[in-house]
Peer 1: 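This is the structure I have questions about; it appears just below.
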Number of protein chains: 2
Amino acid sequence: MTETPTEQKILDAARKLFMQKGMGATRMQEIADEAGINKALLHYYFRSKQKLFEHTFKEAFGHLQPSLQVLTNIDLPIEQRMRSFISEYVDVIEQNRFLPLFIMQEIQRDPANLYKLMTSSGFDPRKLLPLLAKAIGKSEKEAFELILNTISLVVFPYVGQPLITHVFFHGDEQAFAQALEGRKERITSLILSTIKNQ
Amino acid sequence: MTETPTEQKILDAARKLFMQKGMGATRMQEIADEAGINKALLHYYFRSKQKLFEHTFKEAFGHLQPSLQVLTNIDLPIEQRMRSFISEYVDVIEQNRFLPLFIMQEIQRDPANLYKLMTSSGFDPRKLLPLLAKAIGKSEKEAFELILNTISLVVFPYVGQPLITHVFFHGDEQAFAQALEGRKERITSLILSTIKNQ
DNA sequence: GTCTATATGGCGATAGAC
DNA sequence: GTCTATCGCCATATAGAC
């Protein structure tokens, strides 16, 4: 802890660039320039690009955990849980735009590692299905579909953002952001409509 | 047309590897090995890696075009159009499992190129919004959300498949496929419920 | 058309002075 | 701790023999 100013500058720069361009397309030189320091210093503080990336990623991924945890809070009614989950999940993504993309990539590369990352911070999605099934009074199959639909609706727009922005907003990212305003609430309504009885 | 056997071998190898690993992570050497020929031959038939990639991508992406076209068929009622679109889109993906991932990667790499690819085959998503807005009797903003939600629900499970299979089905891909059975119809119902008046 | 050998350039990483 | 200079590798691409 208690990071040095330089270390902090590096992390800020790395986060920003990884967010914008992803790990593969980001050059160490760019991070150094953005941080206003030399390329060699990156390797002095973090041994490799991979380690630097993992560091910034874990930091960001950790922010998702609270929103996942809320799903398992059986003291709240299911409607409330879903509402909070969607709201917090979207907020975190908005502040860490590269997270969905990274997760997509990591899903293809090593899904087991990603699962380990989740469980190691105390959230096991496998335990989620029985919990949700009971809460909605339906089968685990339907609980699975509930969570699948929710994540789909929340995450996809951000993964598709470059194309969506280009096609529908002529490259204007602010217009894209504006189009997504209030989407949290609309998704919530749509999802909740699927768990009403009948 | 009438490709030479070597050309065909290259295309088969390239398609397979690009789909599995993406353009950035696939090496020309790997393609040559998979095709059973030499690296230099790749450049003899296709001038560059970029050109080879675009060639295979266009081929695969072309399979999606018919399902997109059906959206613009104003002779059909909107409910029918959405139903057919979802059904055909899912069918194509089921038969080309890596296509969503392929497209995801291209979205990040070069969205403008992807858009050009769509329009060049006669489908312009920009013209879709006014069409859909009229059909559902709502604003273009709501038409945008309609198409966004639909694609999200259709595509996401396939992009997330490796993680989903690992977490919820302990690696059993058949169980995953089974869980998605009938999803076409469930998505359709959900989507159609959003375009009913009020 | 197909191969071997090599040019060319970029990037991550390191050595070593200060 | 921070810098300059450079190494070493790998990937795309090309030259040229056969």
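Hydrogens, waters and symmetry mates play no part in the numbers below; they use all other heavy atoms, side chains included. Below, chains carry the letters A, B, ... as their sequence lines are ordered, and counting in each starts from 1.
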Peer 1: Walk along DNA chain D from 5' to 3' and tell me the first and last nucleotide with an atom closer than 4.0 Å to a non-hydrogen atom of chain A.
Peer 2: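 Result: D:dG1 to D:dT4.
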
Peer 1: Kindly list each side-chain donor-acceptor pair under 3.5 angstrom involving residues 83-92 of chain A, sequence neighbours excluded, with atom names and distances?
Peer 2:
residue, atom, partner, partner atom, Å
A:Ser84, OG, A:Gln80, O, 3.1
A:Ser87, OG, A:Lys184, NZ, 3.2
A:Asp91, OD1, A:Lys184, NZ, 3.0

Peer 1: Residues from residues 8-36 of chain A sitting under 4.0 Å of DNA chain C, heavy atoms only?
Peer 2: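 Listed by number, they are A:Thr26, A:Arg27, A:Met28.
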
Peer 1: Could you tell me the separation between the CG atom of A:Leu41 and the CD1 atom of A:Ile31, rounded to the nearest 0.5 Å?
Peer 2: 13.0 Å

Peer 1: Would you check if the side chain of A:Arg186 reaches a backbone N or O of A:Glu181 as a donor-acceptor pair within less than 3.5 Å?
Peer 2: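 Present.
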
Peer 1: Just verifying a value: how many Å separate A:Leu146 CG and A:Ile78 CD1, rounded to the nearest 0.5 Å?
Peer 2: 6.5 Å

Peer 1: Out of A:Lys39, A:Arg27, A:Lys16, which one pairs with A:Glu34 under the salt bridge (charged side-chain N to carboxylate O under 4.0 Å, His left out) rule?
Peer 2: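 Only match with A:Glu34 under salt bridge (charged side-chain N to carboxylate O under 4.0 Å, His left out): A:Lys16.
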
Peer 1: Show every side chain to side chain donor-acceptor pair (under 3.5 Å) that has at least one partner inside residues 169-178 of chain A, sequence neighbours left out.
Peer 2: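 Side chain to side chain donor-acceptor pair (under 3.5 Å) check on residues 169-178 of chain A returns no pairs.
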
Peer 1: From NZ of A:Lys51 over to P of C:dA13, roughly how many Å is that when rounded to an integer?
Peer 2: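 The answer, rounded to whole Å, is 10 Å.
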
Peer 1: How far apart are the closest heavy atoms of A:Ala143 and A:Leu132, and which atoms are they?
Peer 2: CB-CB, 3.9 Å

Peer 1: Filter on ring pair (Phe, Tyr, Trp, His ring centres under 6.0 Å), then keep only pairs touching residues 175-194 of chain B, sequence neighbours left out; what's left?
Peer 2: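 Matches after skipping sequence neighbours: none remain.
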
Peer 1: Measure up the A:Phe98 and A:Phe53 rings against each other and bin them: parallel (under 30°), tilted (30 to 60°), perpendicular (over 60°).
Peer 2: perpendicular

Peer 1: Which residues, if any, of residues 39-50 of chain A bring a heavy atom under 4.0 Å of DNA chain D?
Peer 2: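 A:Ala40, A:Leu41, A:Tyr44, A:Tyr45, in order of number.
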
Peer 1: Using a 3.5 Å distance criterion without hydrogens, assess whether the side chain of A:Ser189 forms a donor-acceptor pair with backbone atoms of A:Glu185.
Peer 2: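 Checked: pair present.
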
